Amino acid sequence: QYSWRINVGGTLLLTEQIINKGIFTVFLSSNLVFDGNTPFSKQDEKLNPKTEYGRQKAEVEKNLLFGGNKISIVRFSKIFYPGMPLIQEWIANLNLGKEINPFYDMVVSPIPISFAVDVLIDIIKNHIPGIIQVSGDKDISYLEVATFIAKKLNFKEELIRPVSFRSAGIEYT
């Protein structure tokens with residue numbers, strides 16, 4: 001499949017060439033290399049991805065371990081940033097008086113993009129090798145995110161109609 005060729009094959013080919021030239025390299029991975037059943041997974045826990053994206057990230061990680069002190073694998077949880085499409089869609093709908101349907105049963109451990117950038121700058125400047133996990137200090141549901149936004153922007157909370165991610169046709173296997 002095309003995504004594997006680019007996300008795994010291409011990444012490994014490029015990364016191997018860079019590391020073999022002695023250049024410190026940072027691979028941006030994801031907490032989706034885990035199954036999501038255990039909050040705040042440890043770096044050395046067994047990988048158990050449930051999505052194709054997570055499986056591809058896990059495969060790259062396993063193959064990058066040859067890089068030793070020339071590689072940093074950074075696993076981010078969900079990065080929140082200004083203009084994030086989901087949040088912008090929610091705000092636009094709330095602004096029009098339309099209801100939104102955040103998931104009550106899917107959680108995220110959000111981190112602001114500014115913090116993610118600071119972490120990456122530190123890793124690059126100091127050549128910090130290994131597997132580094134970066135997440136917020138707690139898990140919150142998408143419902144909690146939507147409620148926070150509605151309160152912060154003075155929207156009617158009655159417009160928030162939570163749904164299950166399962167009822168939305170999302171498969172997490």
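Only this structure's heavy atoms are used, side chains among them; waters, hydrogens and symmetry mates stay out. Just so it is clear, the structure is predicted and the values come from calculations on it, not from any experiment.
- In this structure a side-chain-to-backbone donor-acceptor pair under 3.5 Å is present from Ser77 to Ser109.
- Below 30°, between 30° and 60°, or above 60°: for Tyr142 and Trp90 the angle between ring planes is above 60°, a perpendicular geometry.
- Taking OG1 of Thr147 as the start and OH of Tyr104 as the end, the distance is 14.5 Å to the nearest 0.5 Å.
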| task | Decide side-chain contact (heavy atoms from CB on, under 4.5 Å) for Val134 and Phe115; before the verdict, give the C-alpha distance in whole Å, the side-chain angles of both, and the deciding distance to 0.1 Å. | result | CA-CA 9 Å; Val134 184; Phe115 182 72; 3.6 Å; yes
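- Scanning all heavy atoms of the two residues, the minimum distance from Ile140 to Val145 falls at CD1-CG2, 3.6 Å.
- Within the 4.5 Å cutoff, the side chain of Asp139 has no heavy atoms near those of the Val108 side chain.
- Residue Glu89 holds its CD atom at 9.5 Å from NZ of Lys98, rounded to the nearest 0.5 Å.
- Panel note: side chain Thr25, backbone Ile71; no donor-acceptor pair is recorded below 3.5 Å.
- Without hydrogens or angle criteria, Lys156 side chain to Leu94 main chain gives no donor-acceptor distance under 3.5 Å.
- Clustering ILVMFWY residues whenever any of their side-chain heavy atoms sit less than 4.5 angstrom apart, transitively, puts Ile79 in the very cluster that holds Ile121.
- Minimum interatomic distance between Ser29 and Lys57 (heavy atoms only, all atoms of both residues): OG-CB, 3.7 Å.
- Residue Glu61 holds its CD atom at 6.5 Å from CZ of Phe27, rounded to the nearest 0.5 Å.
- By the rule that hydrophobic residues join a cluster once side-chain heavy atoms approach within less than 4.5 Å of another member, Val107 and Leu143 end up as members of separate clusters.
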| message | Go through it in stages, so that I can follow the logic: the residues are Val163 and Phe103, the test is side-chain contact (heavy atoms from CB on, under 4.5 Å), and I'd like the CA-CA distance, side-chain angles, deciding distance and then a yes or no. | response | CA-CA 5 Å; Val163 297; Phe103 302 133; 3.8 Å; yes
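- One hydrophobic cluster holds both Val26 and Ile111 under the rule that ILVMFWY side chains link at heavy-atom gaps under 4.5 Å.
- One hydrophobic cluster, built from ILVMFWY side chains closer than 4.5 Å, cannot hold both Val60 and Ile18; they sit in different ones.
- With contacts defined as side-chain heavy-atom distances shorter than 4.5 Å, the pair Phe24/Ile123 qualifies.
- For the pair Arg55 and Glu52, the salt-bridge criterion is met [side-chain N within less than 4.0 Å of a carboxylate O].
- In terms of heavy atoms, Ile124 sits closest to His127 at O-CD2, 2.9 Å.
- For the pair Leu12 and Leu64, the minimum side-chain heavy-atom distance is below 4.5 Å.
- A donor-acceptor pair under 3.5 Å is absent between the side-chain atoms of Asn93 and the main chain of Glu99, judged by distance alone.
- Between the CD atom in Gln88 and the CG atom in Asn95 there is a gap of 11.0 Å [rounded to 0.5 Å].
- To the nearest 0.5 Å, atoms CG (Asp122) and CD1 (Ile132) are separated by 8.5 Å.
- Remark: Phe80 CZ is packed, more than 12 non-hydrogen atoms of other residues, nucleotides or ligands lying under 6.0 Å away.
- Checked by atom type and distance alone, the side chain of Glu144 pairs as donor or acceptor with a backbone atom of Ser141 at under 3.5 Å.
- Phe148 CZ: 12 or fewer foreign heavy atoms inside a 6.0 Å radius.
- Summarising the geometry of Pro49 relative to Gly54, their closest heavy-atom pair is CB-C, 3.3 Å, with the distance given to 0.1 Å.
- Put simply, the side chain of Ile131 reaches to within 4.5 Å of the side chain of Arg75, judged on heavy atoms.
- Between Ile160 and Pro102 the shortest side-chain heavy-atom distance falls below 4.5 Å.
- The closest side-chain heavy-atom distance from Arg166 to Asp105 is below 4.5 Å.
- Neither Ile73 nor Leu14 shares a network with the other; the hydrophobic side chains, linked directly or stepwise wherever heavy atoms of I, L, V, M, F, W or Y lie under 4.5 Å apart, form separate groups for each.
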| field | Worked check of side-chain contact (heavy atoms from CB on, under 4.5 Å) between Leu47 and Lys62 | value | CA-CA 10 Å; Leu47 304 183; Lys62 288 176 190 174; 4.2 Å; yes
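- Nearest heavy-atom pair across Ile91 and Phe155 is O-CZ, 4.0 Å.
- Applying the 6.0 Å contact sphere to NZ of Lys78 captures no more than 12 heavy atoms from other residues, nucleotides or ligands.
- Nearest heavy-atom pair, Leu159 versus Gly97, reported as atom, atom and distance to 0.1 Å: CD2-O, 3.3 Å.
- Under the 4.5 Å side-chain criterion, counting only non-hydrogen atoms from C-beta, Leu28 is in contact with Leu120.
- Remark: the backbone N or O of Ile128 is paired with a side-chain donor or acceptor of Ser72 at under 3.5 angstrom.
- Gln133 places none of its side-chain heavy atoms less than 4.5 Å from the side chain of Glu45.
- Once rounded to the nearest 0.5 Å, the distance linking CG of Asn154 with CD1 of Ile149 reads 13.5 Å.
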